[in-house]
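Residue numbers start from 1 in every chain, and the chains themselves are labelled A, B, ... in the order their sequence lines are given, proteins ahead of strands. All of these numbers come straight from a predicted model, not from anything done at the bench.
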Amino acid sequence: MKDLTNHAHQTDIAVHTAPAQTEWFKTIVRTADEGVWLVNREGITLYVNDAMTVFLGYSPYEILHQYIYEFCAAEDGLLLRTQLHNTFEGNTQKFTLRFRKKNKETVSLQLHIRPFRRENGLVTGIIGTLNYMSKQQINQKHEPCPECAHLNKQKDDFITMASHELKTPLTSIKAFTQILQHNSVGDTSASAVYLRKIENQTNRLMKLINELLDVSKIRSGRFTIMKEWFYLDELINDVVSEFPMRYPSHALRKTGSTDKRIFADPDRIRQMILILIHNAVKYSPHKDAVEIDLSVKKDSVRIDIKDYGIGITEEDQRRLFQPFFRVVDTEEKEVPGLGIGLYLSAEIVHAHQGSIQVTSAKGVGSTFSCILPIQSTL
Amino acid sequence: MSKTVVFIDDEQDILEAVQIILESSGFRVVPFTHMKSVQDIVAAQPDLILLDVLLVGQSGKDICHSIKQTPALQSVPVIMLSAHPLSKLKTVMKQAGADGYLQKPFELDTLVKTVREYASAQEHPQKTV
């Protein structure tokens, strides 16, 4: 039998040599093979060890004080948010999450997260240990159980069919509304105004259905793009020419040009630009101008959409592209929407191997900048 | 002489609305809620066929194949209509061998412009709307 007396004695000594113990523990955590990530209640990073920087390719200074959500794949943002919330309730969670590395590759990591408690028992943060997944584990994860696969397919089929069924009556409503509008050209009566309202609301409902369908596709991995060569400037000019009809309250000023054909999905790029323009108008209710600027830089084109609206706080900017996130204006007024548009925009840009970012100041306005490669390889 | 448009859609209201829109723009419209026989379409002598993708008990894709295999209709452009997302609609159009597509719900102006372009074209290159 092994004599543990001496071992117990050594442990006792170690526990009571606090300064040395602190340094040992720091070194152990810092040099561990597993990644260690500590966040506060808001999800802001308080500590990462060396392994984490190796996993993601960022320096510690690029991760510290940043939201953990910024480093996970957009489609897993909601999962992470839910799991962190559950952990604050006192539960321990073990799950797999996809992270975006600095070189834009995606890496699947296994997380084991638990509440980080102070001596008084108060949960002040969450500590997570992270590990690479083996190829076998990744394969197992990507092979859902037959029952799950069947249920997922049923869900996807249902959403597709439901959105189709919702659009069919909308087609009739829109067509008859337009017929009535066509027959009442020049009519300034209340009926003509009501018809315009019916059409606007029909279009709004259509947009919501399409966005929900797109989110469903993203989350089930069925979001696709169909690339072709087209002139970006022509697409933007179309959007600019349609703007006065869509948004009579604002003027859209276009500057710059690219004079470039890009290899991208024109419908998705148009959708992304319309979302950004729609938001620019929506979040600048007391202003009357929106700007769009085009430029070329090396092998990419850049689209800047600027408004002079309510602006976005730094804290909100970090979470802006997460699904279902909503910005609340300074007067805490509810701005209608589902919090899907920017998430979709980011997904569209990422699907083209591009990038999207925002610069904004509260009360001054926001500029959303999209950079798209002229010819991406995917 | 006005151009003839055959429109196949199982939604009676949509059929009626499109008929009103196109007839007020000078087209003759022959509506069908389903296709019994491709000969019904031949008899209408269409300059253009508007065809819904999803019909009760029938596939617009199969109907398009039948149309394109009928000598009297081979040169008649077919435009597929659907509330499907654009990417899916484009794929269906290609698989069916159709000439164009129009997504529901459509703008009145877009419908008339598309029909006018296809119905009056001597040759019918693939176009998108």
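To the nearest 0.5 Å, atom CZ of residue A:F176 and atom CD1 of residue B:I21 are 8.0 Å apart. The OG1 atom of A:T168 sits 11.0 Å away from the CG atom of B:D13 when rounded to the nearest 0.5 Å. The distance from atom NE2 of B:H84 to atom CG of A:L213, rounded to the nearest 0.5 Å, is 11.0 Å. Note: A:N183 CG to B:I20 CD1 = 8.5 Å, rounded to the nearest 0.5 Å.
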(request) Walk me through it: do B:K90 and A:D267 pass the test side-chain contact (heavy atoms from CB on, under 4.5 Å)? (result) CA-CA 11 Å; B:K90 282 181 183 177; A:D267 297 320; 2.7 Å; yes
(message) For A:H164 and B:K104: C-alpha separation, side-chain torsions, deciding distance, then whether side-chain contact (heavy atoms from CB on, under 4.5 Å) applies.
(response) CA-CA 10 Å; A:H164 184 275; B:K104 291 178 180 176; over 6 Å; no
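With a 4.5 Å cut-off on non-hydrogen atoms, A:I179 touches chain B through its backbone and its side chain both. There is no contact between B:L111 and chain A, counting heavy-atom distances below 4.5 Å. With a 4.5 Å cut-off on non-hydrogen atoms, A:E165 does not touch chain B at all. For B:I14, the parts lying under 4.5 angstrom from a heavy atom of chain A are both the backbone and the side chain.
The neighbour count for A:K260 NZ, taken as heavy atoms of other residues, nucleotides or ligands under 6.0 Å away, does not exceed 12. More than 12 heavy-atom neighbours from other residues, nucleotides or ligands sit within 6.0 angstrom of NE2 on B:H65. At most 12 non-hydrogen atoms from other residues, nucleotides or ligands lie less than 6.0 angstrom from CD of B:Q45.
The closest side-chain heavy-atom distance from B:T91 to A:M226 is below 4.5 Å. Residues B:E11 and A:T171 are not in side-chain contact: their nearest non-hydrogen atoms beyond the backbone lie 4.5 Å or more apart.
A:Q178 places a side-chain N or O within 3.5 Å of a backbone atom of B:F106 that can act as its donor or acceptor partner. For A:K174 (side chain) and B:P105 (main-chain N/O), no donor-acceptor pair under 3.5 Å exists by modelled atom type.
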